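Take a look at the structure set out below.
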Protein chains: 2
Amino acid sequence: MINYTDTLRKHNLKATPQRIAIVDALFLNGHVSTESLYSIMLEKFSSISLATIYKNINLMLENCLIYEVKLPHAKSVYELTKSSHSHLLCKKCGNIEDVDINLETLVDKISKITEFQIDKTDFVLSGNCKNCHSF
Amino acid sequence: MINYTDTLRKHNLKATPQRIAIVDALFLNGHVSTESLYSIMLEKFSSISLATIYKNINLMLENCLIYEVKLPHAKSVYELTKSSHSHLLCKKCGNIEDVDINLETLVDKISKITEFQIDKTDFVLSGNCKNCHSF
DNA sequence: TACATAAAGAATAATCTTTATCTATTAAGT
DNA sequence: ACTTAATAGATAAAGATTATTCTTTATGTA
């Protein structure tokens with residue numbers, strides 16, 4: 001398991017074993033919901049409190065270590081903060097994938113038309129993944 | 001006030017005064033959260049139950065009369081179902097605007113690259129609206 | 001227009017979900 | 001090793017959503 005002590009400290013968070021394991025779980029699983037993170041954590045820390053999960057998710061959100069991805073017709077999932085990207089959601093199997101789409105030109109155009117200063121996008125594309133539509 | 005009896009019936013919903021008022025509130029306000037819908041409704045129906053709001057929102061969602069817009073760092077809002085469009089969110093004043101962006105070419109491209117069959121997009125662009133950045 | 005009936009509304013209880021509180025423990029700097 | 005502020009766990013509290021029960025009502029039919 002990678003040591004995320006520095007990562008946590010850089011985000012003004014004490015490096016507790018629980019937090020290191022949370023970051024590791026996000027790294028390994030990519031996109032994780034609150035309750036799924038709780039069950040993952042229970043395997044390593046049999047007496048971890050659900051409140052600890054919530055508290056740390058909120059702290060990590062505030063310190064921009066993780067990001068919340070809001071999905072249509074599903075609960076939010078959390079991911080480690082990366083450079084801006086979009087998400088693919090399979091409506092059948094629930095799988096979530098990152099996808100890099102260059103939205104710069106598009107956003108510039110919309111910015112001009114709407115007179116909005118846009119500095120962030122949340123883009124989720126839903127459908128069926130390769131496995132779920134090829135049979 | 002427009003009579004939404006037919007609209008409701010077309011979506012397999014009985015046209016009760018409460019439901020007509022909900023549809024009207026969404027039409028007039030564009031994007032409404034649960035609690036804000038509740039306060040709007042309380043003005044017309046002083047004894048309406050919050051459970052009625054939730055029940056009807058869910059029924060209208062199931063019957064595709066309304067759509068849930070999930071926003072970053074904010075509670076969901078609901079809108080009357082329209083043709084596919086994106087949303088602009090002002091991070092300062094909280095204002096939400098619809099914006100028509102033709103994503104077809106983009107989505108086709110991504111579909112080919114990722115081998116996902118994409119049939120829906122949820123696109124929220126966040127920033128500052130005209131009023132909030134021009135002063 | 002009145003009737004029958006399934007559905008909806010209001011009130012409220014019950015069930016999540018999330019946050020707050022309190023105490024014992026621990027990370028991290030000295 | 002020692003000190004201190006922050007964290008974890010346990011649990012209560014608060015907030016959000018759903019379920020239940022009973023009364024009322026929309027709507028199709030006679």
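These values consider heavy atoms only, across backbone and side chains, with no hydrogens, waters or symmetry-generated copies. Numbers restart at 1 for each chain; the letters A, B, ... are given by sequence-line order, proteins then strands. All values derive from a computational prediction rather than experimental measurement.
- Protein atom NZ of Lys55(B) is 14 Å distant from nucleotide atom C1' of dA13(C), rounded to whole Å.
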Detail all sub-3.5 Å separations between protein N/O atoms and N/O atoms belonging to nucleotides 13-16 of chain D.
{"residue": "dA16(D)", "atom": "OP1", "partner": "Lys75(B)", "partner atom": "NZ", "Å": "3.0"}

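- Protein atom CZ of Phe45(A) is 16 Å distant from nucleotide atom P of dT7(D), rounded to whole Å.
- Tyr38(A) places its OH atom 9 Å from the P atom of dG9(D), with the value rounded to the nearest Å.
- Heavy atoms only, all atoms of each residue included: Glu35(B) and Lys75(B) are closest at OE2-CD, 3.6 Å.
- In this structure, Thr121(B) contributes its side chain and Leu125(A) its backbone to no donor-acceptor pair below 3.5 Å.
- In this structure, Ile57(B) atom CD1 and dG9(C) atom P are separated by 13 Å, rounded to whole Å.
- Leu59(B) places its CG atom 15 Å from the C1' atom of dA26(D), with the value rounded to the nearest Å.
- With sequence neighbours excluded, no residue forms a ring-ring contact (aromatic ring centres under 6.0 Å, His included) with Tyr4(A).
- The two residues Ser111(A) and Ile118(A) come nearest to each other via the heavy atoms OG-N, 3.7 Å.
- At a cut-off of 3.5 Å, with distance as the only test, no side-chain donor of His85(B) or Glu97(B) sits close to an acceptor on the other residue.
- Residues forming a ring-ring contact (aromatic ring centres under 6.0 Å, His included) with His11(B) (at least two apart in sequence, or on another chain): none.
- Using a 4.5 Å heavy-atom cutoff, the side chains of Lys130(B) and Thr114(A) are not in contact.
- For Lys70(A) and Asp122(B), the salt-bridge test fails: no basic side-chain N is under 4.0 Å from an acidic carboxylate O.
- Arg9(A) places no side-chain N or O within donor-acceptor distance of the main-chain N or O of Ala15(A), the cut-off being under 3.5 Å.
- For Asn56(A), no side-chain nitrogen or oxygen approaches OP1 or OP2 of dT7(D) to under 4.0 Å.
- Applying a 4.0 Å cut-off to non-hydrogen atoms, the residues of residues 5-22 of chain B that approach DNA chain C are Lys14(B), Thr16(B), Gln18(B), Arg19(B), listed by residue number.
- Every residue was checked against the ring-ring contact (aromatic ring centres under 6.0 Å, His included) condition with His73(A), not counting sequence neighbours, and none meets it.
- Asn3(A) places its CG atom 13 Å from the P atom of dA27(C), with the value rounded to the nearest Å.
- If you check residues 46-53 of chain B against DNA chain C, the residues with a heavy atom closer than 4.0 Å are Ser47(B), Ile48(B), Ser49(B), Ala51(B), Thr52(B), listed by number.
- Residues His87(B) and Glu79(B) bring a donor and an acceptor atom of their side chains to less than 3.5 Å of each other.
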